[in-house]
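Letters A, B, ... are given to chains in the order of the sequence lines, protein chains preceding strands, and every chain is numbered from 1.
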Number of protein chains: 2
Amino acid sequence: MKIPRPGLPVRGSKTGQPIMALLDLLGRSWAMGIIWHLYNGPSTFRGLQDYCESISPNTLNTRIKELRDCNLIKRTMEGYALTEYGEELFELLQPMGPWARNRWTESFKTDDPNSL
Amino acid sequence: MKIPRPGLPVRGSKTGQPIMALLDLLGRSWAMGIIWHLYNGPSTFRGLQDYCESISPNTLNTRIKELRDCNLIKRTMEGYALTEYGEELFELLQPMGPWARNRWTESFKTDDPNSL
DNA sequence: TCATATTGCTATTATTTTAATAGCAAAGCT
DNA sequence: AGCTTTGCTATTAAAATAATAGCAATATGA
């Protein structure tokens with residue numbers, strides 16, 4: 001699949017708006033999970049495989065390549081790690097954790113249809 | 001594909017941590033794009049099709065169903081719209097727009113390998 | 001009332017992604 | 001020399017998505 005880049009057309013958007021390219025990139029299987037995991041520290045290829053319980057090496061490889069090409073992760077001596085950009089992005093994603101745990105989970109418990 | 005739910009195992013995570021379920025849901029083609037678009041206001045099925053330039057009706061349908069089941073969007077008389085939860089989630093996603101435009105785009109212009 | 005348009009959707013087929021599995025070369029122990 | 005770890009590639013199978021056509025229900029307009 002074509003690697004998205006801000007400024008170039010991507011899957012579903014001919015304008016190349018940076019946000020569309022970013023959503024395309026992050027909306028691929030495991031992309032956000034990899035970023036999420038790497039915030040805990042560098043991880044080897046096989047460490048990532050273990051974390052993403054059902055990813056295939058092909059897919060992981062592809063995703064790694066894409067994320068590297070897009071400046072979000074890099075190789076280090078301890079394995080793959082977030083770049084400074086990757087860390088910034090993670091910090092934007094981070095609030096989703098508490099929101100999912102607290103608010104979103106709660107939405108499944110409501111029987112009041114008006115609240116949706 | 002199985003619809004993710006906080007507390008149940010999802011693609012790639014047996015623990016069912018809410019964040020994993022959320023990342024699974026959002027990491028499907030067009031899911032974030034649909035949420036992004038609907039923040040501008042309600043949109044019909046065909047309006048969404050136009051927005052997602054290359055989505056197929058099957059996929060759009062599936063995605064709509066998933067997002068509805070997960071309490072992020074709903075049907076209204078003016079078309080599909082974000083629920084209160086969907087709006088909250090969008091607001092968490094929103095900062096990615098400026099970041100993509102300003103910081104991320106900039107990362108592609110750098111020739112200094114040390115900055116990555 | 002008859003045609004036309006819009007909407008939400010299904011069906012079918014083709015293409016693209018992803019998963020499952022095996023395995024290999026290089027490097028580092030022991 | 002044998003064993004492990006690491007980062008992959010190759011092959012095949014399954015699943016997701018796209019492309020395209022089209023339908024039933026409701027509205028609109030002449």
Using whole Å, what does the distance between atom [atom2] of nucleotide [N] and atom [atom1] of [X] come to?
X	N	atom1	atom2	value
Gln49(B)	dT10(C)	CD	P	13 Å
Trp30(A)	dA20(C)	CH2	P	10 Å
Leu60(B)	dG8(C)	CG	C1'	10 Å
Arg28(B)	dA18(D)	CZ	C1'	18 Å
Glu78(B)	dG8(C)	CD	C1'	17 Å
Ile55(B)	dA16(D)	CD1	C1'	12 Å
Arg75(B)	dC9(C)	CZ	C1'	10 Å
Leu48(A)	dT5(D)	CG	P	17 Å

Lys/Arg-Asp/Glu bridge criterion (N-O < 4.0 Å) met for [X], [Y]:
X	Y	result
Asp69(A)	Lys65(A)	yes
Arg103(B)	Glu84(A)	yes
Glu106(B)	Lys109(B)	no

Looking at the side chain of [X], which of [options] is the nearest nucleotide?
X	options	value
Phe45(A)	dG7(D), dT18(C), dT17(D)	dG7(D)
Arg46(A)	dG23(C), dA19(C), dC23(D)	dG23(C)
Ser56(B)	dT6(D), dA19(C), dA19(D)	dA19(D)
Asn61(A)	dT18(C), dC8(D), dT17(D)	dC8(D)
Pro57(B)	dA20(C), dA18(D), dA21(D)	dA21(D)

Just checking Phe90(B) against Trp36(B), ring centres under 6.0 Å apart?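 Yes, the ring centres sit under 6.0 Å apart.
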Below 4.0 Å: OP1/OP2 of dC8(D) and any side-chain N or O of Tyr80(A):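 Yes, because at least one side-chain N or O of Tyr80(A) sits under 4.0 Å from OP1 or OP2 of dC8(D).
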Presence of Arg63(A) side-chain N/O under 4.0 Å of dT18(C) phosphate oxygens OP1/OP2: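 Answer yes for this pair, as a side-chain N or O of Arg63(A) is under 4.0 Å from OP1 or OP2.
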If we count only N and O atoms by modelled type, under 3.5 Å, do the side chains of Ser56(A) and Thr59(A) hold a donor and an acceptor together?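 On atom types as modelled, these side chains qualify, holding a pair under 3.5 Å.
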For Asn58(B) and Arg11(B), find the nucleotide of DNA chain C closest to each by heavy atoms; which residue's nucleotide sits nearer the 5' end?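 Checking each residue's closest nucleotide, the 5'-ward one belongs to Asn58(B).
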